[in-house]
S.K.: 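Sharing a structure with you now.
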Amino acid sequence: MKDNAARDLFPGALEMMILESLRRQPAHGYALVQHIQQRSNNLLQVEEGSLYPALQRLLKAKLVKAEWGVSATNRRVRTYQITASGLHHLELQISSFDRMFEGIALVLNPRKATTS
Amino acid sequence: MNWMPSTVRHKLQDDLSEEIRLHIEERAEHLISEGMTPKEAQRQARLAFGNRTVIEERSREVWQWPTLESIWADMRIAARQLRRSPGFAIATVLTLALAIGANAVVFGMLNALILRPLNVPQAQSLYAIEHGSDYGFQSYPDYLDLRDRNRSFDSLAAFTATQVGLDTGKAPSRAFGYQTSGNYFDTLGIQPYLGRFFHGSDEHGVNSAPYIVLSYAYWHSHFQDDRGVVGRVVRLNKHPFTIIGVAPPQFRGTLLLFSPDFFMPAVNQEQLDGANNLNARGVRWVLEVVGHLKPGVTPAQAAGDLNSIGSYLAKTYPKEDGIKSFTLARPALYGDFLGRPARAFFAGLMLLAGLILLAACANLGSLFAARAADRSREVALRLALGSSRIRILRQLLTESVLLSLAGGVVGLAGSVVLLRWLSVWKPLPRFPFNAPVSPDAKVYLVAVALALVSGFLFGIVPMRQVFRANPYEIVKAGSSARLGRRMTVRDVLLVLQIAVCAVLVTSSIVAVRGLVRSLHSNFGFEPHNAMLIDTDLKMAGYTGDSVPAMQRRMIEAVETIPGVAQVASANATPLGGVAIKPAVFKDGATDLRQSNAAATAFQYSVSPHYFQAADTSLLAGRSFSWQDDSGAQHVAVVNREFARQVLGSVTDAVGRYFKMSDGTRVQVVGLVEDGKYMSLTEDPQAAMFLPVLQSPASQTFLLVRSKGDLGSDPQQLATAIRAKLHQLDTGLPVDTEMWIDDLDQAVMFAPRLATISLGVLGIMGAMVAITGIFGMAAYSVSKRLKELGIRVALGAQRTELLQAALGRPLKLLAIGSAAGLLLGLMATKVLAFIVYQATPRDPLVLAGVVLAMLLLGLVATWIPAQRALSVDPLKLLREE
């Protein structure tokens, strides 16, 4: 189901990845897609369009802000930038994600967890 | 994102589309740079992006909460529409506020008095025992038999209401309470708030339990919440009683409308009443017997059980107990005695209030239909542009529901204020009667539900119009293309509500007329220019022979006051609300069982000069003197009805004899006119008056007739009387009042309540009708403005203009009024049961109704008429 790959991860995963990417540097939609696909070694085949509803949600929650401008390659682009509350939100998300991931790992591989 | 201006929202959406376009473009260019053909690159880029429409839609959804937002949008449109016609909005809200408020008030009373059970645990299984015509009354020995022999109740408790002089160390004051069986609180399952209650185990014979329990309210008002009150000794009618506890705040006895100050064991009844009635099987002083049915026992089974006890009693004590047929009823409104008329009254009132709301809805429905017709062009345009009919309807409904909710909230607020006020109102200031009708959640729910339903009801009226609308026809032909038939439906609705209004106006005028007339009708005594002094000598400790002696001293003392013409005493006054009505027998009767009685007659113990003081005409024979004492021949003065029923002759009644149920032979020495004794609407009743020395009673009403007109300064006389009586005994609580005022409060309470209710409903009906006529007239004028302008231009006179503009609503007014008047006159037959002499055969009623309806029409058409008259043809023609 390539269709909903990003969404099937878990709710909020895509938003988290977008925020993480924007934390490194502001980017426009296309660049964000490229970045996420490259960083995940193309393991995550995000449907490009699905980025936009997620971006709208982030915009509405004021976790990112957007501005029209011109890119390095001289294209007209709408560049997204993470806000202070976006940074804060991201940290919370990552730590809770870490905990969740740890939990999942424990359930999937209990022996390894007890030895460590 | 409803808080954003729409331009911002549009920009957001434009941004998104642009962004997506650029995204796909960039992807395509990227693919081209990798060597793909432009056409293939475009295709791949779009494929990689996914379904663009869906994604745009989903992105936009982020900004809105779809259904809620569209409802909100509807509401904003509705609010805007209403702001544009504030007069219409205010009129609608006010009409609905009145109609829904009326319903909430009536329902609040219905709910509190009839639907809501008594505030005791397991009220559903609590019943009072009634029998035959004398409702709950039992004698104490009969109560004990019922209690011990029945197999249907968990336990049976008895109580009666009593008034005492309560002395807490200061001056004694009048207090009202319950004399109850020892098991009263245990039967009801009530726990004390403070101290303890008395129990069945406290009863050890006559005067063995000198305890009282205070009600919370009395404790709060008379003992200032002093918790140290338990154990204190107070005096009831001079006898010491120990306060053992305080009842919980929410418990106010087993009668809804009477809130007692205290509870005391009935075994101590002798100390209060001066005579021991615990063993008197023939004296029915127990007001009501109540108990919880055992689980699984139906009221019918219990009644059967009680009936078998009843037949046992009738067989064993034939002199005291006749055959009775027992029934079970709810105790709260004193069984069916008040319960039945109260249920009928509130059902009637609820029906009327419902009718008013219905009329309001009909009226607003037609106003809405008119508005929808006004907007038919807009609706047609929207339909033509592809709007769904449901969408348009939803918007119209939003408008009506918005209005109805506003009206409901205003109406509910008003009704809550009114109900709160009513529930602390004491209609008879001297007595602890009041109706606890505070609104509860049910009332709020009903009001909101009514508001919603009526909103839908009148909002749905224009529905047919919208569904029938053919956009092409309407846009082409303009707003004047309207079907005649639609007006007919509206006409019928208007006639209907004018008729309802006329019914209400008619019946309220009839009720007011009856009320006024009944205060000036012949009661068989003259309540004007007389003072009534109400006291009970028991409260100051008088018993036995000291009672009549004191009464005589009181009469003689008051007689010395200047300006006093005549003074007499009686143990009760006619129409005073309290009376005994024992059985009497023909002189020849030897079998003195109840079933053999010639009649039951109201019995009054009166002093000499009573008939002069009460201004009751002595038709034949003589009045009493102080020589008619216990040693002399027992004598009586009777009324005509008594003579007819018992003596068999009115003309030579004087000198004849009859028998009381204890066998006493009584000679009739005087004949007086008939009067009213219990209620103004009663049929002629038999009554007998006995000399106070032969039939002593401590309950004392002094009748003081003044020489001149008392109206000017009754207070001076009252003060003088109180001073005189205070000289005789400082410890005797007395109340003074104008007799007419006392009568006014007691007898007129029900008819006045009925009249006020009808009057209020009548005024509401009138307001609803006014908005209805106003709506139609205004509509008719504004629709025909062009036509009127042309008429003016062609030289029409003012009267012709008015006839053209307002002829139709006025014709409907006439039809509706006539129909309503006829119906109202028929309805007043029902009213005659509550209001004395409520008769429609009265020219004033007819004139009043006609005048009221004319006035109503004038008020309703005033503004539209002004508008029609001020038509300026030039301006109108220029506008088109």
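Excluded from the calculations below are hydrogen atoms, water molecules and symmetry mates; all remaining heavy atoms, backbone and side chain alike, are included. Here is the naming used below: chain letters follow the sequence lines, and residue numbers restart at 1 for every chain. Since this is a predicted model, take the numbers as computed values, not measurements.
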S.K.: Do other residues, nucleotides or ligands put more than 12 heavy atoms under 6.0 Å from the NZ atom of B:K442?
M.R.: yes
S.K.: For the residue pair B:H23 and A:Y52, does the interplanar ring angle fall in the parallel (under 30°), tilted (30 to 60°) or perpendicular (over 60°) class?
M.R.: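 Aromatic pair B:H23/A:Y52 classed perpendicular.
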S.K.: Once you round to the nearest 0.5 Å, how far does CD of A:Q56 lie from CG of B:L16?
M.R.: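 So the CD of A:Q56 and the CG of B:L16 are separated by 4.5 Å.
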S.K.: At a heavy-atom separation under 4.5 Å, does B:E29 approach chain A through its side chain, its backbone, both, or neither?
M.R.: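 Only the side chain of B:E29 comes within 4.5 Å of chain A.
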S.K.: How long is the gap from CZ on A:R78 to CG on B:D15, to the nearest 0.5 Å?
M.R.: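 Taking CZ in A:R78 and CG in B:D15, the distance rounds to 4.0 Å.
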S.K.: Can you tell me how far CG of B:L22 sits from OG of A:S71, rounded to the nearest 0.5 angstrom?
M.R.: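 Nearest 0.5 Å value for the OG-CG distance: 10.0 Å.
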S.K.: Give me the atom names and distance for the closest heavy-atom approach of B:R27 to A:Q34.
M.R.: NH2-OE1, 3.3 Å
S.K.: Within a reach of under 6.0 Å around CD of B:E40, are more than 12 heavy atoms found that belong to other residues, nucleotides or ligands?
M.R.: yes
S.K.: Which pair of non-hydrogen atoms, one from B:I55 and one from A:P53, has the smallest distance, and what is that distance?
M.R.: CG2-CD, 3.8 Å
S.K.: Would the number of heavy atoms belonging to other residues, nucleotides or ligands and lying under 6.0 Å from CZ of B:R43 be above 12?
M.R.: no
S.K.: Name the one of B:E25, B:H30, B:E19 that satisfies side-chain contact (heavy atoms from CB on, under 4.5 Å) with A:Y30?
M.R.: B:H30
S.K.: Take atom CZ in A:R75; do more than 12 heavy atoms of anything else shown fall under 6.0 Å from it?
M.R.: yes
